[in-house]
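Single-structure report; data block below.
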Amino acid sequence: MTARQAVTLGTVQETLLIPLYGRAVESRKPEPALRDPRAEAIVASIDYDFARFDGMPSLLGSVLRTALFDQWVSEFLTAHPDGTVVEIGTGLNTRYERTDNGRARWFELDLPDVMAVRRSFFADTPRRTSISASVTDPSWLDTVALTAPGPCFFAAEAVLPYLTEDEVHRVVDGIAERFPGSLLALDTTGPGMIDTQDEHDVLAKVEARMQWNCPAPAALTDWHGVASVLDSRTVAELPPPLCDRLPDSLREMLSGLAAQRLPQVEDYRLNLLRLR
Ligand SMILES: C[S@@+](CC[C@H](N)C(=O)[O-])C[C@H]1O[C@@H](n2cnc3c(N)ncnc32)[C@H](O)[C@@H]1O
């Protein structure tokens with residue numbers, strides 16, 4: 001048996017192991033919402049106490065979030081097969097493996113300690129470039145602009161809530177100035193989630209805490225860089241065709257959850273923005 005790899009990650013960076021494990025667990029189910037054999041293999045090769053997240057409902061929530069971001073990226077690539085996808089705070093996500101069309105240009109950005117781990121699992125290619133940088137350092141925009149054929153889709157999945165509102169504002173306006181008209185997918189957390197993080201099923205098990213409190217994503221259009229909110233929904237209200245693909249039992253569970261209107265569910269939204 002091969003020795004498992006120890007990973008040394010900063011506090012916020014450690015959170016990437018939660019969606020990674022969520023996808024691996026989901027992928028092993030007989031009727032998964034999403035299949036990710038690569039995540040299964042990576043989890044098996046990393047020396048970390050993943051079992052602390054076992055049975056936590058948020059694991060499934062992270063999988064459904066990923067599945068919706070995948071759908072948005074797939075729709076973008078159908079409309080723009082030669083476009084560019086930029087994964088911001090990519091962690092050990094495998095969206096390229098799930099949605100690449102063989103033509104698009106990809107950039108995957110994360111902090112240096114994450115990229116060091118990521119590069120042991122994923123190699124750069126002429127169409128796939130890793131960027132080791134903070135999203136708050138605007139120099140990464142130059143790297144993307146240098147070789148990115150437009151139009152661009154930016155996916156920031158479970159990343160921006162860990163920044164301050166000022167940082168998020170600068171990041172969003174910076175992308176809009178450099179790539180006007182592009183799409184940006186991001187999640188937002190309102191008070192129902194921000195104020196209960198210490199009791200949150202998986203966040204309570206790590207040190208990282210979210211900072212950006214965004215109670216009303218519709219109000220993001222007040223920001224200089226945001227033209228419109230094209231979609232905004234909770235994980236309990238997934239759109240077709242994604243919802244149609246889910247097993248009946250999961251669809252029923254989600255419609256029951258949506259009906260309860262729990263603050264922790266209502267205040268965590270998945271959003272698709274058109275930048276100005
Ligand atoms: C919850 S994980 C999500 C990872 C990935 N997007 C996914 O869905 O599997 C949060 C990620 O955001 C990254 N992150 C946090 N702050 C960042 C920053 N300032 N610049 C770049 N990445 C950042 C972390 O390193 C981590 O990989």
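Read the numbers this way: they start at 1 and go in the same order the structure lists the ligands and their atoms. Model, not experiment: these values are computed from the prediction.
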- Parallel, tilted or perpendicular: rings of Phe50 and Tyr48 (30°, 60°): perpendicular
- Message: I need the contact residues for ligand 1: any residue with a non-hydrogen atom closer than 4.0 Å to the ligand, ordered by chain then number.
- Response: Val12, Gln13, Thr15, Leu16, Pro19, Arg23, Gly89, Thr90, Gly91, Asn93, Leu109, Asp110, Leu111, Val114, Ala133, Ser134, Val135, Glu157, Ala158, Val159, Leu163
- Might you work through the side-chain contact (heavy atoms from CB on, under 4.5 Å) test for Tyr268 and Arg65, ending with a clear yes or no? CA-CA 10 Å; Tyr268 182 63; Arg65 177 186 67 216; 3.0 Å; yes
- Query: Salt-bridged, Asp100 to Arg127, with N to O below 4.0 Å?
  - Reply: yes
- Message: How close do Leu242 and Gln71 get, counting heavy atoms only, and between which atoms?
- Response: CB-OE1, 2.9 Å
- Message: If the threshold is 4.0 Å, N to carboxylate O, is there a salt bridge linking Arg52 and Asp54?
- Response: no
- Message: Hydrogens and angles aside, do Arg105 and Thr147 bring a side-chain donor and acceptor to less than 3.5 Å of each other?
- Response: yes
